[in-house]
Amino acid sequence: MDRQILIRNIAYMERELLQMKKELAELDAKVEQQEGTSFTSCTEITQTYCHF
């Protein structure tokens, strides 16, 4: 494969993975909230998964 195509594909996959991690963090926050254990914020959870 052409190098540029691979670079574009990797960048796309990284963006998709970041979005999926954010969605997972939001779902985890909802589950924790329903179970009565609350986190300080969704941002804290997102940082756990996304390593901002």
Side-chain angles (χ1 to χ4, degrees):
M1 264 189 165
D2 183 52
R3 187 176 189 281
Q4 287 297 89
I5 292 172
L6 289 173
I7 291 170
R8 269 192 302 251
N9 286 345
I10 291 169
Y12 171 78
M13 286 185 259
E14 287 174 338
R15 285 190 305 270
E16 289 293 308
L17 181 58
L18 181 61
Q19 181 61 36
M20 286 187 277
K21 286 180 177 182
K22 287 179 182 178
E23 290 174 13
L24 177 60
E26 290 170 2
L27 289 172
D28 285 348
K30 288 178 185 176
V31 168
E32 291 294 330
Q33 192 174 38
Q34 289 173 351
E35 291 176 351
T37 306
S38 65
F39 287 96
T40 55
S41 70
C42 186
T43 303
E44 179 182 313
I45 298 164
T46 302
Q47 288 174 348
T48 301
Y49 287 103
C50 299
H51 307 290
F52 288 119

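Not measured: the values here are computed from a predicted model. What's counted below: heavy atoms across the whole structure, side chains too, no hydrogens, waters or symmetry copies.
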Decide yes or no for E14 and L17: does some side-chain heavy atom of the first lie under 4.5 Å from some side-chain heavy atom of the second? no
Residues forming a side chain to side chain contact (heavy atoms under 4.5 Å, CB included) with R15, sequence neighbours excluded: A11, Y12
The reported gap from CD1 in I10 to CZ in R8 (rounded to nearest 0.5 angstrom) is 12.0 Å
Could you give the distance from NZ (K30) to CD (Q33), rounded to the nearest 0.5 Å? 9.5 Å
